[in-house]
Amino acid sequence: MERYNIKDVEKKWQNIWSSKKTDASTLDKKRKKFYCLEMFPYPSGKIHMGHVRNYTIGDALARYKRLQGFNVLHPMGWDSFGLPAENAARENNLHPKDWTKKNIEAMKRQLKLLGLSLDWDREISTCDPEYYKHQQEFFIELFKKKLVYKKDTYVNWDPAEQTVLANEQVIDGKGWRSGVAVERKKLSQWFFNIKKFSQDLLNALEKLKNWPDKVKLMQKNWIGKSFGCEINFQIDKKNKKEKIKVFTTRPDTIFGASFIALSIDHPIAKNFENNQDFIKFKLECSKSGTTEEALAVAEKIGFNTNLFAIHPFKEKIKLPIYIANFVLMDYGTGAIFGCPAHDQRDLDFANKYKLNVLPVVRPNEVDPKDFKINNEAYTEDGILFNSEFLNNLKVGKAIEKAIDVIAKKKLGEKKITFRLKDWGVSRQRYWGCPIPIVYNNKGEALPVKKKDLPILLPDDVDLNVKGNPLEKHPKWKYTKLSSGEKVIRETDTLDTFVDSSWYFLRFCSPKHKKYGYEIKDINYWMPVDQYIGGVEHAILHLLYSRFFMRALAFKNKNFGYTEPFESLFTQGMVCHETYKNEKGQWLYPDEIEKNSEGYYVTKNDKKKVAVGPSESMSKSKKNTIDPEEMINMYGADSIRWFMLSDSPPERDVQWSQEGVSAAFKFIQKIWKLNNEILNKKDTSSNSSDVVLKKAVNKTVYNVTKNLDNFQYNVVIANIHEIYNLFHDHVVNNKTSSKTLKNEWEKITMLLIPLTPHLAHECCEKVNKKFYWPKYDPKMLKEENCTIVIQVDGRKRGVLEMPVNSIEKSIVIKSKEIENVAKHLENSSIIKNVYIKNKLINFITKK
RNA sequence: GCCCUCGUGGUGAAAUUGGUAGACACAAAGGACUUAAAAUCCUUGCCCAUUUGGGAGUGCCAGUUCGAGUCUGGCCGAGGGCACCA
């Protein structure tokens with residue numbers, strides 16, 4: 001028999017697909033489109049199992065949709081700007097450009113080994129000037145629409161490296177490379193005004209019907225809408241009438257106010273810049289660490305300004321004004337009124353500084369006289385007291401009334417606040433898209449003229465300098481406008497999240513010289529019909545992309561899109577056991593083996609290995625498996641099959657050698673059975689033919705349904721089942737060869753999305769045309785059905801009956817079953833519950 | 001601290017959305033073929049009973065129902081998100 005040579009077959013089909021460009025897509029308005037997109041990778045140099053899973057899921061879908069007749073767009077590109085290139089460049093003395101290029105080539109070759117049906121003609125790379133020049137245009141477009149602005153903000157500053165660190169580069173308050181304590185430093189940086197779209201980004205979540213609820217909820221919380229009001233407090237100064245505006249969601253607790261707290265960055269705090277005590281206080285605040293968690297746990301401290309604010313309803317009450325470390329400048333107004341009785345933070349603060357604690361909300365059933373606040377604030381619902389016109393109202397009503405009165409007396413107004421912050425896009429880095437801005441000698445920021453774009457990254461940089469290499473590159477930094485005016489370039493580059501916020505548009509017009517996208521292309525292809533990627537991008541990347549679409553659509557009649565991704569699927573991670581040697585060092589899976597007693601030992605010195613829990617594959621824990629090695633051993637189809645078979649795609653999957661090896665064996669079995677069927681001598685038609693036909697029809701139905709629902713693991717089970725049936729029919733000569741061949745052909749078509757090389761090889765011999773088999777709904781209907789017979793809710797037998805049999809006949813037949821009769825003995829039937837074609841339950845009385 | 005999701009055999013998991021729990025697969029044990037091994041195929045799968053069969057059973061405790069893995073309430077455990085958001 002012809003042997004199935006995985007390597008030859010896979011190579012053969014990959015060559016055919018590539019030379020015939022079977023996966024290239026062209027705009028064709030007569031055909032229905034399907035845009036299938038997986039999150040593009042960062043070109044680290046090697047694909048990992050996470051990529052394999054992501055792209056296998058996407059490819060199965062793309063191939064399935066193609067077979068169904070859709071015009072499928074399935075592109076791939078590279079998220080190729082970013083810090084690792086700079087680090088690698090320093091370590092290996094290789095230019096980021098060359099390092100990136102080399103990595104892209106290596107990963108592209110690996111992706112091709114997987115047999116993905118990608119349109120490589122549309123390949124893009126974000127570090128390519130042909131890509132980022134359009135991004136610079138978008139930046140200027142946004143600048144002109146006033147969606148981009150500059151403001152001072154704090155960054156993690158590494159004084160040793162003279163550079164800005166990303167949050168994840170700060171470990172225990174120290175720079176990851178230098179180990180030196182990180183400082184908070186104020187820098188003037190560029191921001192995208194994503195806040196402007198807060199309400200719309202929130203509202204539109206509801207329309208994203210095919211997004212996981214989890215992701216929508218995460219975005220909703222991230223946007224964080226809250227209802228409340230602003231209240232103006234007058235500062236108690238003799239001549240001046242200064243005001244402090246505070247934001248609160250609990251205006252009902254206004255009568256419990258006992259202090260005002262301002263953020264360190266509040267304008268009023270500026271008045272104390274030269275005050276020695278305030279300087280000390282600021283220093284104290286900056287000590288508490290920079291991570292958000294550390295800030296959250298830090299003790300609440302304040303600086304007493306010795307100023308007082310007048311209570312808006314009780315002029316006699318003067319509230320001390322503090323500057324406090326727990327008040328954030330970029331939320332609300334940067335100022336709060338403290339109501340210690342009903343806010344834990346305020347209570348902690350009040351206890352520390354011996355401030356008044358007056359409860360104004362009490363639990364329903366508790367007498368006001370007995371209600372005391374000690375160390376725990378009361379934040380539940382309740383009844384207002386000590387609160388004049390709010391007395392005896394419930395919290396909800398009291399909030400409404402408080403806002404009402406405050407508005408009427410012009411003390412403030414109803415206000416909705418979002419916690420979503422504007423997107424800081426400045427990065428003090430070399431390997432990113434240059435921000436197309438220059439500064440004239442007055443320091444004004446001017447957008448670069450379109451004709452002067454792109455602003456190319458200079459190649460001749462010294463990456464070993466401390467700080468931003470662009471900053472230290474005078475030839476590039478100091479330049480002239482076409483008018484001859486001397487200007488300084490913006491040396492910051494853009495956050496790489498900007499690169500990935502519109503790449504899906506570029507895929508529609510990947511080669512267009514003049515524009516980042518062409519409207520006729522996106523009118524056809526957009527939105528992305530199915531986006532697939534890791535849940536780790538649930539917030540930032542997806543929210544930024546949603547913002548970017550709105551920013552482009554803003555004041556632009558030609559661009560009618562706001563939501564880029566019609567459907568979203570987030571796949572789980574690939575996990576593997578972890579191993580440690582006796583010294584507690586991590587070991588790679590191929591450094592260990594099983595000994596004769598079934599224990600894991602190290603390969604070289606046979607020492608005991610501690611097996612840890614299965615965790616998502618990561619280089620640091622060395623629990624990675626190299627996809628290419630696996631492809632070499634088992635073939636791409638086996639890896640794809642295994643990736644889809646073991647767990648539902650949205651859940652984590654355990655990598656297992658046995659699993660892959662089982663996939664490999666099954667592929668061999670399919671091939672063997674395929675040949676047996678094709679070589680089968682003609683036998684006359686048999687009564688079992690209809691059994692097989694029906695089963696195949698059912699399989700087509702199930703596989704189609706399960707593919708539509710992303711239940712790939714169940715699809716695999718469907719295929720196993722039908723294989724087992726075919727195997728039985730072949731071995732036992734149950735079916736005519738004609739039926740066998742006809743029906744088997746359909747199964748090979750079903751395999752195309754899953755194991756494309758094997759499937760094409762099988763199909764080739766019987767039918768050059770590939771198609772998605774259709775099922776006959778009439779054939780799904782069974783003539784007989786199995787009815788479960790219960791006595792008092794317990795199963796006592798089953799009955800094969802024609803579909804839609806009447807209850808009476810089922811009752812009679814049931815009682816004929818020995819075991820049923822036995823259980824009905826000595827008791828009388830009170831009633832029976834009959835569920836058509838499913839079950840009958842006799843309820844008895846002893 | 002707040003919010004969300006998930007708990008089903010030794011393992012990964014199915015279950016027509018309230019109707020035969022454990023499909024399909026991995027692992028294990030036993031068997032067949034073989035001089036032997038590999039490969040392949042078959043059987044078994046918790047407790048009681050020799051078999052027909054009976055019982056328990058989907059994290060735990062209650063509830064609704066003729067009937068609950070599925071619905072409701074409470075508890076326990078695991079994972080994830082946010083984190084001084086006023």
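The sequence lines fix the lettering, A, B, ..., with proteins before strands; numbering per chain opens at 1.
Here the nucleotide nearest the side chain of N819(A), chosen from U20(B), G53(B), A25(B), is G53(B). Among the nucleotides A14(B), U20(B), C3(B), the one closest to any side-chain atom of N221(A) is C3(B). Checking A14(B), G67(B), A25(B) against every side-chain atom of N841(A), the shortest atom distance belongs to G67(B). Here the side chain of T248(A) is nearest to one of A14(B), C26(B), A86(B), namely A86(B).
The base-pairing partner of G1(B), taking Watson-Crick or G-U wobble contacts with both distances under 3.5 Å, is C82(B). When both pairing distances are held under 3.5 Å, C6(B) makes a Watson-Crick or G-U pair with G77(B).
If you look at F337(A) and H311(A), their ring centroids are not closer than 6.0 Å. Aromatic ring centroids of Y353(A) and F259(A) lie 6.0 Å or more apart. Taking the centre of each ring, F842(A) and H823(A) stay at or above the 6.0 Å mark.
Between S647(A) and H727(A), the one whose closest nucleotide on RNA chain B sits nearer the 5' end is S647(A). Residues N706(A) and Q654(A) each lie close to RNA chain B; by heavy-atom proximity, the contact nearer the 5' end of the strand is made by Q654(A).
Regarding D652(A), its CG atom lies at a distance of 9 Å from the C1' atom of G79(B), rounded to whole Å. In this structure, CG of N724(A) is placed 14 Å from P of U40(B), rounded to the nearest angstrom. In this structure, the CZ atom of F664(A) is 17 Å from the C1' atom of C26(B), given to the nearest Å.
Side-chain contact between L644(A) and L754(A) is present, with at least one heavy-atom pair separated by less than 4.5 Å. The closest side-chain heavy-atom distance from T56(A) to Y712(A) is not below 4.5 Å.
With its glycosidic angle within 90° of 0, U17(B) adopts the syn conformation. With a glycosidic angle further than 90° from 0, G73(B) counts as anti.
As rounded to the nearest Å, A29(B) and G67(B) have P atoms that lie 43 Å from one another.
Distances shown here put a side-chain N or O of K669(A) below 4.0 Å from the OP1 or OP2 atom of C41(B). Residue R796(A) places at least one side-chain N or O closer than 4.0 Å to OP1 or OP2 of G55(B). For C6(B), the OP1/OP2 oxygens have no side-chain nitrogen or oxygen of R651(A) closer than 4.0 Å.
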